[in-house]
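Chain A is the first sequence line, chain B the second, and so forth, proteins listed ahead of strands; every chain is numbered from 1. Computed from a predicted structure; not experimentally measured.
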Protein chains: 2
Amino acid sequence: MESRYKSFVTVEQLPALVGQTVTLHGWVQDKTGKGKLTFIRLRDGSGMVQCVVFAPNVEERVVNDAKSLTQESSIAITGTVRAEQRAPGGVEVDVADVKIYQLSTDYPITPKEHGVEFLIEKRHLWLRSSRQHAIMRVRAAVVKAIRDFFDGSGFKLMDSPMLTPNACEGTSTLFETEYFDLGKAYLTQSGQLYAEASAMALGKVYTFGPTFRAEKSKTRRHLTEFWMVEPEMAYFDLNDDMDLAEDLVEYIVQYALKTCQQELGVLERDLSKLEAVRRPFHRMSYTEAVEWLNKNNVRLNRKQSDGSEVQIDFPWGEDFGAPQEEAIMTQFNKPCIIHRYPTEVKAFYMKRDPENPRVVLAMDMLAPEGAGEIIGGSQREDNHDALLERILHEGLSQEEFQWYLDLRKYGSVPHSGFGLGLERTVKWITGAEHIRECIPFPRMIYRISP
Amino acid sequence: MESRYKSFVTVEQLPALVGQTVTLHGWVQDKTGKGKLTFIRLRDGSGMVQCVVFAPNVEERVVNDAKSLTQESSIAITGTVRAEQRAPGGVEVDVADVKIYQLSTDYPITPKEHGVEFLIEKRHLWLRSSRQHAIMRVRAAVVKAIRDFFDGSGFKLMDSPMLTPNACEGTSTLFETEYFDLGKAYLTQSGQLYAEASAMALGKVYTFGPTFRAEKSKTRRHLTEFWMVEPEMAYFDLNDDMDLAEDLVEYIVQYALKTCQQELGVLERDLSKLEAVRRPFHRMSYTEAVEWLNKNNVRLNRKQSDGSEVQIDFPWGEDFGAPQEEAIMTQFNKPCIIHRYPTEVKAFYMKRDPENPRVVLAMDMLAPEGAGEIIGGSQREDNHDALLERILHEGLSQEEFQWYLDLRKYGSVPHSGFGLGLERTVKWITGAEHIRECIPFPRMIYRISP
C-alpha cells in the first residue's frame with residue numbers, strides 16, 4: 001500500500017520527468033503576461049519553476065484563473081514538463097490546468113527593498129524569499145554535515161540538558177526560571193560539563209542543541225538563543241582537539257560547497273574563498289599573536305584616568321576583542337587557531353599548560369573574511385585538587401560542582417573538547433551580513449517575536 | 001598530515017585487527033585473577049573487551065600494576081589482538097603493557113543492586129553501566145534514523161525557537177523567564193506554530209529540539225524537558241499525515257533493529273515484538289474506540305457528588321487517559337492510530353472534520369506493550385476566520401497570534417503535521433521501565449541535578 005503523499009511531485013524532481021504530466025503544489029512568486037502567454041513562477045519549497053500558460057491550448061477558465069494570480073497565492077498546477085535550456089534547472093512546465101487554493105491580497109513583502117527591521121518583524125513571511133531560502137538550506141546542510149561527521153567517526157550523541165541547577169561561566173548572563181519546589185533553574189550556556197561526564201562513559205561524544213546567553217550584546221554576531229555543537233573526547237589532548245576542530249570545519253565547508261552550489265549562487269558567494277578552506281589551517285599561540293599585533297602596530301585605545309585616550313601596545317594578559325581578531329585574520333585566507341591563552345581570561349575548567357602555568361591549554365578558531373570566532377575549546381583540568389582550587393577561586397559552590405569533581409575521582413583521564421557555534425558558521429559560509437538571518441526565528445535582546 | 005587522534009584504536013575495531021599490536025584507552029569494568037592470569041575487562045565507550053595478563057610473558061611491574069587495578073580505574077593497555085570465539089565480539093587482548101592514568105577508589109556504584117533513587121542521584125556515573133550504555137546508543141540511533149528519514153525525503157530542517165512570547169497550549173504548564181525589557185518569555189512546549197510558518201516557505205520541514213512542560217505529572221512517562229521531532233507539511237491532509245507517521249515509525253524501529261542488535265541484546269529486548277512493527281498499522285476513529293471500550297466493558301470510575309464511585313460506560317466526548325489507551329492496545333501487537341477526536345478535547349489549531357464538526361482531524365499514535373502515546377498530530381485549520389474564532393474562543397490574544405493568522409491570509413494551504421516524543425519512543429524500543437533512563441540527564445518535577 002503506497003501512501004498518497006509519496007506520489008507528490010516537487011520542482012526539484014522535474015529534470016527527471018521531462019515529457020511527463022505532473023501536478024505541482026506551491027505558491028506564486030510572481031506572474032507576468034505577454035499577449036496569449038502568462039508566465040507563473042511557482043515556488044514549492046524544493047525549488048522554483050516557470051509555468052507557461054498559452055491561451056489557445058487551455059480552457060478560458062484556466063487563462064482567467066492564471067491572470068488573476070497574485071504574489072503568494074497558493075495553487076496547484078498540472079502540466080507537461082518541457083526541457084528549456086535557458087531556464088534555471090533546465091525545465092519549464094506547459095500548463096494544462098490551474099487550481100487556486102487561495103488568492104493572496106496585499107502581501108506585505110513586495111519585490112521592492114524593505115528595511116531589515118520591517119523584514120524581521122515579518123520573519124514568518126520573510127522566510128519565503130529566495131535569499132532566506134538559500135540561507136536556511138545551507139543551515140540545514142551544515143547541521144547534516146556536522147552530524148554525519150560525528151556519527152561517522154565513532155562519536156555518540158549525548159544531549160545535554162537545557163535546564164541546569166548552576167552556571168557554567170558566570171551568573172550575570174543567565175536566563176532563570178522557577179523550578180517547582182527546587183528553587184531556580186537556569187538555561188544552559190553550554191553543554192560541556194555534561195558532555196565531559198558523558199565522555200567518561202562513552203569515550204567520544206557530542207551534544208548539539210540550543211544554548212542561551214542573556215548578554216546585552218547588540219552586535220551582528222550575537223543571538224540570545226543559538227545552537228552549538230560540542231564534542232568531548234576522552235584521552236584527547238589539546239593537539240588532538242585542534243586537529244579534530246580542523247577536520248570538522250574543513251568537512252562542513254566542503255560539504256556545503258558540494259551540496260549547496262545553487263544556494264551559494266543565489267547568495268552570490270565567492271566560492272574560491274570557501275574552496276581555500278583546506279587543512280592544515282594556521283596556528284599561533286596567544287603570545288605569538290600579541291607579538292604580531294605589536295610588531296604590526298595594531299594599537300589598543302586605552303582610556304586614561306583624566307578621560308583622554310592613548311594608544312598603547314597590546315598588553316600580554318588581556319583578552320582579544322573583535323578588533324584584534326580581525327587584525328590578525330587579515331593575513332589569512334583560511335581559519336587560524338589561536339592557542340594557550342592567559343589563565344586569567346579563560347574559564348576555570350581549562351587545564352594549565354604544564355610548561356607554562358600562566359597560560360591554559362585553550363584554543364579558539366577564527367574564521368577568515370571578518371567572520372570571527374566560530375570555535376572555542378580546551379583541554380580540561382583533569383586533576384581533582386587543581387580543579388577544586390579553581391572552583392573555589394572563582395567563588396563557585398563546591399557542593400553544586402561535586403558531580404563534576406567526581407569525574408576527577410573515578411578514573412580521571414586527559415580529555416578535551418570544543419564548541420562550534422552553528423549560526424556563526426552559517427553566517428561565514430553564506431556570507432550573510434547579520435547573524436539574525438542564520439536561524440529561522442532569531443532571538444536578540446530587542447526581539448522575542450514572532 | 002594525519003592527525004594523531006586518528007590512530008587511536010577502539011574496542012569496536014578489534015575484530016579487524018587480529019594478530020596486530022594495539023593500544024586501547026579506557027576504564028576497568030572489573031578485574032579477576034587466577035594463578036598467573038589476570039583478566040581485565042576494559043570499557044572504552046565503543047565496547048568492552050577482555051584483556052589477559054599472563055605473568056610469565058610480561059615484566060613484573062605490569063603484573064603488579066594489573067593486580068592493583070580497581071573498578072573504574074583509567075588505563076591504557078598495549079597488547080596483541082587474539083581471536084577468541086567464546087568472547088563477546090570474538091576477540092581478546094594478550095597484554096604486553098599497562099599504563100595507569102588513575103586508580104579509582106571507592107567507586108560508589110558497585111556490581112550489587114542499587115535503588116534507582118541512588119542511581120539517578122549519581123547519573124553522571126550511572127551512565128557508565130552497560131545497561132545505560134545500551135539505552136544511550138539506541139537513543140543516538142533513533143535520532144539518526146529520524147534525521148536520515150526526513151533529510152532523505154525532501155524535508156528541510158527548520159529549528160523552532162525555545163524562547164517564545166506566547167503559549168501554544170495553555171499557560172498553566174509553562175516555564176517562564178524575564179526577557180530583558182520585553183517582559184516575560186516562555187519555554188516552548190512545541191515548535192509546531194513556527195513549523196507551520198516554515199512549511200509555507202519550504203513545503204516540507206521538520207523541527208527537532210527540546211521542548212518543555214512544567215506539568216506536575218509524576219508518571220513513568222513524563223519529563224519536564226524532552227526532545228520532540230515535529231514534521232509539518234504543506235498540502236498534506238490527515239491521511240497523508242497518518243501515512244507519513246507510519247512510515248517514520250516503521251523506519252525508526254527497523255533501523256534500531258538493524259543497527260542496535262548488541263544493545264537490544266544487553267537490554268534483553270524481545271526482538272520479535274519489534275520485528276512485528278511493519279506497515280500498515282492499525283487505525284480506528286475515536287468514536288470506534290469508544291464503542292470498542294463499551295462493548296468490551298472497559299468501564300470508567302466516576303465520582304458521585306456524595307463521594308462514592310460508580311462505574312459507567314465511557315462517555316463520548318471525554319479524552320482518553322492511560323487506562324483507556326492501554327485497554328485498546330491489548331488487542332494489537334503493533335501501533336494503532338486513533339483519529340478524529342472530539343473538538344473540545346483538542347487544541348484550537350486543529351481543523352474540524354468537514355463531514356462532522358463535532359470532531360477535529362486529529363490523530364494520536366499509540367505504541368503496543370503499554371508504551372502509550374508516542375505521536376500526536378493533526379491537519380491544521382487553514383481557514384482564517386475559523387481559526388480566529390477558535391483563538392478568541394480559547395481566550396487567546398489575537399494580536400499575539402497575528403503572525404500565525406497571517407499564514408491563513410497569504411496563500412493558505414491545507415497542511416498537517418505531528419510531533420513524535422523522542423524519549424517515549426526510546427522507552428518503547430528499549431523496553432526501559434522508566435523514561436528517566438531514556439535521556440542522558442533527566443529533568444523531572446523533583447529532579448534538576450546533576
Side-chain angles (χ1 to χ4, degrees), chain A residues 1 3-5 10 25 27 44-46 72-74 101-102 104 107 124 127-128 137 140 143-144 147 151 154 156-159 161-163 165 175-177 179-180 182 185 194 197-198 201-203 209-210 225 235-236 240 243-244 280 403 406 410-413 440-441 443 445 448-450, chain B residues 1 3-5 10 25 27 44-46 72-74 101-102 104 107 124 127-128 137 140 143-144 147 151 154 156-159 161-163 165 175-177 179-180 182 185 194 197-198 201-203 209-210 225 235-236 240 243-244 280 403 406 410-413 440-441 443 445 448-450:
Chain A
M1 190 180 67
S3 303
R4 183 188 83 117
Y5 79 85
T10 58
H25 296 79
W27 293 263
D44 77 347
S46 81
E72 290 302 321
S73 291
S74 43
Y101 283 88
Q102 186 183 43
S104 173
Y107 185 67
H124 55 295
L127 286 170
R128 302 182 183 190
R137 292 169 73 105
V143 171
K144 184 166 164 52
R147 293 188 179 267
D151 291 341
K156 287 296 159 197
L157 174 67
M158 288 289 279
D159 297 306
M162 301 293 111
L163 293 164
F175 291 108
E176 66 179 37
T177 185
Y179 197 81
F180 304 106
L182 300 178
Y194 294 95
S198 297
L202 287 153
E225 175 187 323
Y235 291 102
F236 272 46
D240 299 322
D243 285 345
L244 181 76
W403 69 271
D406 275 359
Y410 306 118
S412 189
V413 304
F441 294 91
R443 298 295 181 241
I445 66 169
I448 182 73
S449 67
Chain B
M1 191 179 67
S3 304
R4 182 188 84 117
Y5 79 84
T10 57
H25 296 80
W27 292 264
D44 77 346
S46 82
E72 289 303 320
S73 291
S74 43
Y101 284 88
Q102 186 183 44
S104 172
Y107 185 68
H124 55 296
L127 286 171
R128 303 181 182 190
R137 292 169 72 105
V143 171
K144 183 165 165 52
R147 293 189 180 267
D151 291 342
K156 289 295 159 199
L157 174 67
M158 289 288 280
D159 297 306
M162 302 292 111
L163 293 164
F175 291 107
E176 66 178 36
T177 186
Y179 196 82
F180 305 105
L182 301 178
Y194 294 95
S198 297
L202 286 152
E225 175 188 323
Y235 291 102
F236 272 46
D240 299 321
D243 285 345
L244 181 76
W403 69 271
D406 275 1
Y410 306 117
S412 189
V413 304
F441 295 91
R443 299 295 182 240
I445 66 168
I448 182 74
S449 66

Sort B:Glu225 into side chain, backbone, both or neither according to what part of it lies under 4.5 angstrom from a heavy atom of chain A. side chain
Options B:Pro450, B:Ser46, B:Gly203, B:Gly209, ranked by heavy-atom pairs under 4.5 Å with chain A, top entry: B:Pro450
Between chain A and each of B:Ala140, B:Pro210, B:Ala185, count heavy-atom pairs under 4.5 Å; write down the option with the most. B:Pro210
Of the listed A:Asp151, A:Asp406, A:Leu244, the one with the largest count of heavy-atom pairs under 4.5 Å with chain B is A:Leu244
Could you tell me which of B:Leu127, B:Leu157, B:Leu163 has the largest number of non-hydrogen atom pairs under 4.5 Å with chain A? B:Leu163
Output the option from B:Met158, B:Glu72, B:His25 having the highest count of non-hydrogen pairs under 4.5 Å with chain A. B:His25
Name the member of B:Lys144, B:Arg147, B:Glu176 that forms the most heavy-atom pairs with chain A at distances under 4.5 Å. B:Arg147
Side chain, backbone, both or neither: which part of A:Leu182 has a non-hydrogen atom closer than 4.5 Å to chain B? side chain
Check each atom of A:Ser412 against the heavy atoms of chain B and say whether the ones under 4.5 Å are side chain, backbone, both or neither. both
Which atom names give the shortest non-hydrogen contact between B:Gly411 and A:Gln102, and what distance separates them? N-OE1, 3.2 Å
So for A:Asp159, is it side chain, backbone, both, or neither that comes closer than 4.5 Å to the heavy atoms of chain B? both
Sequence neighbours excluded, the answer for salt bridge (charged side-chain N to carboxylate O under 4.0 Å, His left out) partners of A:Asp240 is B:Arg4
Which heavy atom of B:His124 sits nearest a heavy atom of A:Trp403, and at what distance? CD2-O, 3.2 Å
Option that, when pairs with chain B are counted at under 4.5 Å, heavy atom only, ranks first among A:Lys156, A:Arg443, A:Arg137: A:Arg443
Here the pair of heavy atoms bringing B:Ser3 nearest to A:Asp243 is OG-CB, 3.2 Å
What about A:Tyr235 and B:Tyr5, are their ring centers closer than 6.0 Å? no
Could you tell me which non-hydrogen atom of A:Ile448 sits nearest to which non-hydrogen atom of B:Pro165, and how far apart they are? O-CD, 3.3 Å
Parallel, tilted or perpendicular: ring planes of A:Phe180 versus B:Phe175, cut at 30 and 60 degrees: perpendicular
Parallel, tilted or perpendicular: ring planes of B:Tyr107 versus A:Tyr410, cut at 30 and 60 degrees: perpendicular
Between chain A and each of B:Ser449, B:Ser198, B:Pro440, count heavy-atom pairs under 4.5 Å; write down the option with the most. B:Pro440
